[in-house]
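Down below is the structure, laid out as structure tokens.
In this chain, numbering begins with 1 at the start of the sequence shown. Any value given below was found using the heavy atoms of this structure, including those in side chains, with hydrogens, waters and symmetry copies removed.
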Amino acid sequence: MQVAVIGAGYVGLVTGAGLAYLGHNVRLGERDSDKLKTLSAGQVPFFEAGLDRLLSEGIENKLISFYADNQEAVEGARVVFLALPTPPDEDGSADTSYIEDALEEIGPRLKPGTVVVLKSTVPVGSVARFQADLDGLGVDATVISNPEFLREGSAVGDFLHPDRIVIGTRSQEAAEVMLELYQALQAPVVVTDPPSSEMIKYASNAYLATRITFANAIANLCESVGADVKDVLLGMGYDRRVGFHFLNPGPGYGGSCFPKDTRALVAIADEAGYDFSLLRGVIEVNELQRHRVVDKVRAAI
């Protein structure tokens, strides 16, 4: 299948190289000329285990090509992935201006019936909003949600062996196109409406962040009452309803997704008129945990 990926950052590059590995023809659009030269030489500008091999194989097999012009990148594509940044605004909500600009740019060059896939993490309701934008431009394309669940350091494995594939669309035709695209991956597929798909990404990250914060809160309490947190969490983890994942106490959650997505979900709740006090508490405890660790270092010194 002819596929275009706009944005050769972390998510876009893993997605593009992974789809090429599955046998699709991938056209990567990237405006950063220095990054484009690096990628064209088969080199990855950041470390991700196995990604350099996938990229080199895709180039050697002529399944990956690179374009500095996004309009040129989407020429003839059946599916167009948007893997662009959605950085947080001051209130924590996601800034979707990069996606808006890209849609305005590539809209006139999309062939009729193109499936436009939001790979970026976007606020609930974005599919409907961007669909209206394309409709306003007179573009015959279907916007859908297909959130990514890639972990830094194991992204290639996460793409090739996903826990699940989430497709958010009300179009049966678009859903069938995506099922064909991912056919080679043996994974459960959740086909749902766009708002539910958009929420799945936020809810998943918020829940994992909550588990980390809970483990830290229990560790702090154990320290106060003289309990051994390692044994406490071990005893909890053997319960199949609980499990061991994301129950490791430490300085708190971080990375590129958890802080951004938890704040964005609170902003989404605020806009909907719901006081998400539970998640606000998670964010607050996580911030306090960092100070607690610094205090421990000071005391040790």
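Counting only residues at least two apart or on different chains, the ring-ring contact (aromatic ring centres under 6.0 Å, His included) pairs with a member in residues 27-71 are Tyr10-Phe46. Note on residues 146-189: no pairs pass ring-ring contact (aromatic ring centres under 6.0 Å, His included), not counting sequence neighbours. Within the structure, side chain to side chain donor-acceptor pair (under 3.5 Å) pairs that include any residue of residues 245-256 comprise Glu152-Ser256 (at least two apart or interchain).
In terms of heavy-atom proximity, Tyr98 sits nearest to Pro85 at CD1-O, 3.4 Å. The two residues Ala20 and Leu63 come nearest to each other via the heavy atoms O-CD1, 3.4 Å. Between Val293 and Gly250, the closest heavy-atom pair is CG2-O, 4.3 Å. Nearest heavy atom pair, residue Thr86 against residue Lys260, reads O-CD, 3.7 Å. Nearest heavy-atom pair across Gly107 and Val139 is O-CG2, 3.4 Å. Across Ile268 and Pro123, no two heavy atoms sit closer than the pair CD1-CA, 4.1 Å.
Sparse packing is recorded around CD of Glu104, with 12 or fewer heavy atoms of other residues, nucleotides or ligands lying under 6.0 Å away. The number of heavy-atom neighbours closer than 6.0 Å to CD of Glu271, taken from other residues, nucleotides and ligands shown, is 12 or below.
Residues Ile165 and Asn146 have side chains in contact (heavy-atom distance under 4.5 Å, counting atoms from C-beta outward). Counting only heavy atoms from C-beta outward, the side chains of Ile167 and Leu179 approach each other to under 4.5 Å. In this structure, the side chains of Val116 and Thr114 come closer than 4.5 Å at one or more pairs of heavy atoms. The shortest side-chain heavy-atom distance between Arg164 and Val189 does not fall under the 4.5 Å cut-off. With a 4.5 Å cut-off on side-chain heavy atoms, Asn25 and Val3 do not count as touching. Side chains of Val156 and Tyr21 form no contact here, defined as non-hydrogen atoms less than 4.5 Å apart. In this structure the side chain of Glu180 never reaches within 4.5 angstrom of the side chain of Val177, judged on heavy atoms. Leu118 has its side chain out of reach of Ile144: every pair of non-hydrogen atoms, C-beta onward, lies at least 4.5 Å apart.
For Thr213 and Asn216, the side-chain atoms include no donor-acceptor pair closer than 3.5 Å.
Not counting sequence neighbours, Glu60 has no partner by the salt bridge (charged side-chain N to carboxylate O under 4.0 Å, His left out) test. Residues meeting the salt bridge (charged side-chain N to carboxylate O under 4.0 Å, His left out) test with Glu72, sequence neighbours left out: none. With sequence neighbours left out, Ser197 forms a side chain to side chain donor-acceptor pair (under 3.5 Å) with Ser145.
In terms of modelled atom types and a separation under 3.5 Å, the side chain of Ser154 and the main chain of Gly157 share no donor-acceptor contact. With hydrogens and angles disregarded, a donor-acceptor distance shorter than 3.5 Å links the side chain of Gln131 to the backbone of Ala141. Panel note: side chain Thr262, backbone Pro259; a donor-acceptor pair is recorded below 3.5 Å. Distance alone, capped at 3.5 Å, is enough to place a donor-acceptor pair between the Glu30 side chain and the Ala8 backbone. Between the side chain of Ser93 and the backbone N or O of Ala264, no donor-acceptor pair lies under 3.5 Å. With hydrogens and angles ignored, the 3.5 Å screen pairs no side-chain donor or acceptor of Gln2 with any backbone N or O of Gly76. Proximity of a side-chain donor or acceptor of Asp89 to a complementary backbone N or O of Asp91 within less than 3.5 Å is not detected. Using a distance-only test at 3.5 Å, with no hydrogens or angles considered, a donor-acceptor pair links the side chain of Arg27 to the main chain of Ala73. Not one N or O on the side chain of Ser126 forms a donor-acceptor pair closer than 3.5 Å with the backbone of Val122. In this structure, the side chain of Asn61 engages the main chain of Glu57 through a donor-acceptor pair within 3.5 Å.
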* Might you work through the side-chain contact (heavy atoms from CB on, under 4.5 Å) test for Leu28 and Val26, ending with a clear yes or no? => CA-CA 6 Å; Leu28 270 169; Val26 179; 4.3 Å; yes
* **Working for side-chain contact (heavy atoms from CB on, under 4.5 Å), residues Arg78 and Val115** => CA-CA 6 Å; Arg78 180 70 177 91; Val115 177; 3.7 Å; yes
* To do: Report the C-alpha distance between Asp270 and Val266 in whole Å, list the side-chain angles of each, state the deciding distance to 0.1 Å, and finish with yes or no for side-chain contact (heavy atoms from CB on, under 4.5 Å).
  => CA-CA 6 Å; Asp270 287 343; Val266 168; 3.9 Å; yes
* Asked: Hey, mind stepping through Tyr238 and Phe244 against ring pair (Phe, Tyr, Trp, His ring centres under 6.0 Å) and telling me if it holds?
  -> CA-CA 7 Å; Tyr238 277 120; Phe244 293 103; 5.1 Å; yes
* To do: List the steps, then state whether salt bridge (Lys or Arg N to Asp or Glu O under 4.0 Å) holds for Arg31 with Glu105.
  => CA-CA 13 Å; Arg31 286 185 168 176; Glu105 177 187 9; 2.7 Å; yes
* To do: Verify side-chain contact (heavy atoms from CB on, under 4.5 Å) between Val117 and Leu82, making sure each step is shown before the conclusion.
  => CA-CA 6 Å; Val117 183; Leu82 298 182; over 6 Å; no
* To do: Check step by step if side chain to side chain donor-acceptor pair (under 3.5 Å) holds for Asp275 and Ser277.
  => CA-CA 6 Å; Asp275 181 11; Ser277 57; 4.9 Å; no
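Ion pairing of Arg292 with Glu287 is absent here, as no side-chain N (NZ or NE/NH1/NH2) approaches a carboxylate O to less than 4.0 Å. Using a 4.0 Å cut-off between charged nitrogen and carboxylate oxygen, Arg298 and Asp295 count as a salt-bridge pair.
To the nearest 0.5 Å, the span separating CE on Met178 from OG1 on Thr142 amounts to 12.0 Å. Interatomic distance, OG1 of Thr192 versus CZ of Arg170, reported as 8.5 Å (0.5 Å rounding). Taking CD of Glu75 as the start and CG of Asn70 as the end, the distance is 12.0 Å to the nearest 0.5 Å. Gln183 CD to Met1 CE: the interatomic distance, rounded to the nearest 0.5 Å, is 9.0 Å. Put simply, CZ on Phe81 and CG on Leu19 are 5.0 Å apart, with the number rounded to the nearest 0.5 Å. The structure places CG of Asp32 at 9.0 Å from CG of Leu39, a figure rounded to the nearest 0.5 Å.
A continuous path of hydrophobic side-chain contacts links Leu278 to Val124 [ILVMFWY only; heavy atoms under 4.5 Å]. Note on Phe276: it clusters hydrophobically with Tyr207, by side-chain heavy-atom contacts below 4.5 Å among ILVMFWY residues. Phe130 and Leu84 end up in the same hydrophobic cluster when Ile, Leu, Val, Met, Phe, Trp and Tyr side chains are linked at under 4.5 Å. In the hydrophobic cluster analysis, where Ile, Leu, Val, Met, Phe, Trp and Tyr join through side-chain heavy atoms closer than 4.5 angstrom, Val191 is grouped apart from Ile200. Leu54 and Leu36 end up in the same hydrophobic cluster when Ile, Leu, Val, Met, Phe, Trp and Tyr side chains are linked at under 4.5 Å.
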